[in-house]
Amino acid sequence: MTYTDHRTLRGDLRREIAGTIGVLTDEHDFRAMRRYTSFAFDDHTTYLEHLEALLRTRARQGSHTTVTLFDPADYAEFCAGTGLDPDSHTSRSRFAAALATTGPAVPYDGRPLADLLPTLVDEAVRQATWEYAATLLARLGPCVSCGEDLGRAAFARASHLLARILDTAPPGERHLVCSVSGPPETLVAALHTDDTTGRTEADESEALEFTAVLAVGLATAGPGGLVMRISRPGAPDRVHGWRLRAHRLEALTAGEVFDAYCTDAESGDLIAPESDVDYCEAPHLGEEDGPGGAHRH
């Protein structure tokens with residue numbers, strides 16, 4: 001077999017290999033990596049330009065690449081735990097490969113890096129929110145009266161309520177936001193669904209995160225709320241809302257939804273209402289019926 005044949009076969013094999021690249025998305029993380037002599041870059045913009053060129057080259061060659069967030073602090077901890085030299089290209093590659101299975105990651109799809117990185121950061125925030133909400137629910141423990149797992153019960157109830165919201169909503173593209181305030185921070189989750197094709201379609205990871213945040217609000221009775229905006233071609237957007245109160249979702253009137261949307265949350269000043277938007281009374285969910293009933297003793 002000739003040298004050219006070997007090179008062609010190796011090129012074909014390279015396209016079979018999936019790669020993972022960790023990205024330093026901001027200047028702070030980039031500066032932290034400059035302490036390593038094996039890290040060749042001294043300018044963040046130049047680093048991102050070379051990274052994007054590499055991603056495009058791999059895409060042209062038919063190689064699949066996963067892009068993940070590279071956190072210098074997590075990297076140092078990884079190297080300390082595995083006994084690896086942190087000032088090494090090989091160590092950084094092993095860390096990036098580990099991130100592909102444990103951390104937030106998105107496939108490179110040919111988009112400019114400036115468009116891809118916000119998606120990656122959003123994925124990281126979504127994963128962190130899910131993990132934090134799941135931890136809070138797990139810490140609730142069992143009910144002292146009946147022994148039922150309170151976190152699991154709250155999650156089941158939140159799933160039931162989300163299904164009721166989507167079942168009672170008019171058809172269209174739905175954008176839902178749930179926020180729960182409480183120490184040490186406010187949890188916020190968003191969910192996009194679309195039933196314009198006759199069936200509700202939603203991202204599974206978004207739905208899990210959204211349900212977990214809603215469950216935290218129901219279980220802890222923390223202040224918060226849920227807003228749903230529905231869009232359909234040729235019709236005004238419809239906005240509905242519920243407040244979290246006393247371990248349940250309470251439907252807002254049209255006037256309350258209008259006030260919430262048209263008041264600045266920080267200053268309290270009035271904001272002009274959007275054109276082509278109807279602020280509507282939210283449907284009552286009948287949450288005391290069926291498996292969504294509140295856990296009470």
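The chain is numbered in sequence order, starting from 1.
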Applying side-chain contact (heavy atoms from CB on, under 4.5 Å), run through Phe155 and Leu208 and close with a yes or a no. CA-CA 9 Å; Phe155 192 89; Leu208 283 173; 4.0 Å; yes
Let me confirm one number: the [atom1]-[atom2] distance from [X] to [Y], rounded to the nearest 0.5 Å.
| X | Y | atom1 | atom2 | answer |
| --- | --- | --- | --- | --- |
| Leu24 | Arg31 | CG | CZ | 11.5 Å |
| Asp278 | Arg238 | CG | CZ | 7.0 Å |
| Glu52 | Leu117 | CD | CG | 8.5 Å |
| Leu116 | Thr25 | CG | OG1 | 11.5 Å |
| His44 | Glu49 | NE2 | CD | 11.0 Å |

On a heavy-atom basis, which atom in [X] and which in [Y] lie closest, and how many Å separate them?
| X | Y | result |
| --- | --- | --- |
| Val188 | Glu209 | O-OE2, 3.6 Å |
| Ala251 | Ala282 | CB-O, 3.6 Å |
| Gly172 | Arg232 | CA-CG, 3.7 Å |
| Ala96 | Thr20 | O-CG2, 3.2 Å |
| Gly19 | Arg58 | N-NH2, 3.4 Å |
| Ala219 | His247 | O-CE1, 3.4 Å |

Is any side-chain heavy atom of [X] less than 4.5 Å from a side-chain heavy atom of [Y]?
| X | Y | result |
| --- | --- | --- |
| Leu69 | Asp71 | no |
| Leu166 | Leu176 | yes |
| Leu226 | Leu244 | no |
| Val239 | Val227 | yes |
| Asp203 | Phe210 | no |

Under the side-chain contact (heavy atoms from CB on, under 4.5 Å) rule, what do Val257 and His240 come out as? Steps first, then yes or no, please. CA-CA 7 Å; Val257 175; His240 303 272; 5.7 Å; no
Return yes if some donor-acceptor pair links the side-chain N/O of [X] with the main-chain N/O of [Y] below 3.5 Å, else return no.
| X | Y | answer |
| --- | --- | --- |
| Trp242 | Pro283 | yes |
| Thr68 | Pro104 | yes |
| Tyr108 | Val67 | no |
| Glu250 | Arg245 | no |
| Arg35 | Ala32 | yes |

In chain order, what residues pass the side chain to side chain contact (heavy atoms under 4.5 Å, CB included) check against Ala158, with sequence neighbours excluded? Thr211, Leu214, Ala215, Leu218
Classify the ring geometry of [X] against [Y]: parallel below 30°, tilted from 30° to 60°, perpendicular beyond 60°.
| X | Y | result |
| --- | --- | --- |
| Tyr47 | Phe39 | tilted |
| Phe258 | Tyr279 | perpendicular |
| His192 | His175 | tilted |
| Phe70 | Phe95 | perpendicular |

Set of ring pair (Phe, Tyr, Trp, His ring centres under 6.0 Å) partners for His89, sequence neighbours left out: none
Quick one: do the [X] and [Y] side chains pair a donor with an acceptor below 3.5 Å?
| X | Y | answer |
| --- | --- | --- |
| Ser38 | Arg92 | yes |
| Asp85 | Ser91 | no |
| Thr57 | Arg60 | yes |

Going through the checks in order, is the side-chain hydrogen bond (donor to acceptor under 3.5 Å, both in side chains) test met by Glu123 and Gln127? CA-CA 6 Å; Glu123 180 63 26; Gln127 179 172 316; over 6 Å; no
Who passes salt bridge (Lys or Arg N to Asp or Glu O under 4.0 Å) against Arg229, sequence neighbours left out? Asp237, Glu274
Which is it for Thr82 and Arg94 under the side-chain hydrogen bond (donor to acceptor under 3.5 Å, both in side chains) test, yes or no, and what are the steps along the way? CA-CA 10 Å; Thr82 56; Arg94 288 185 59 178; 5.8 Å; no
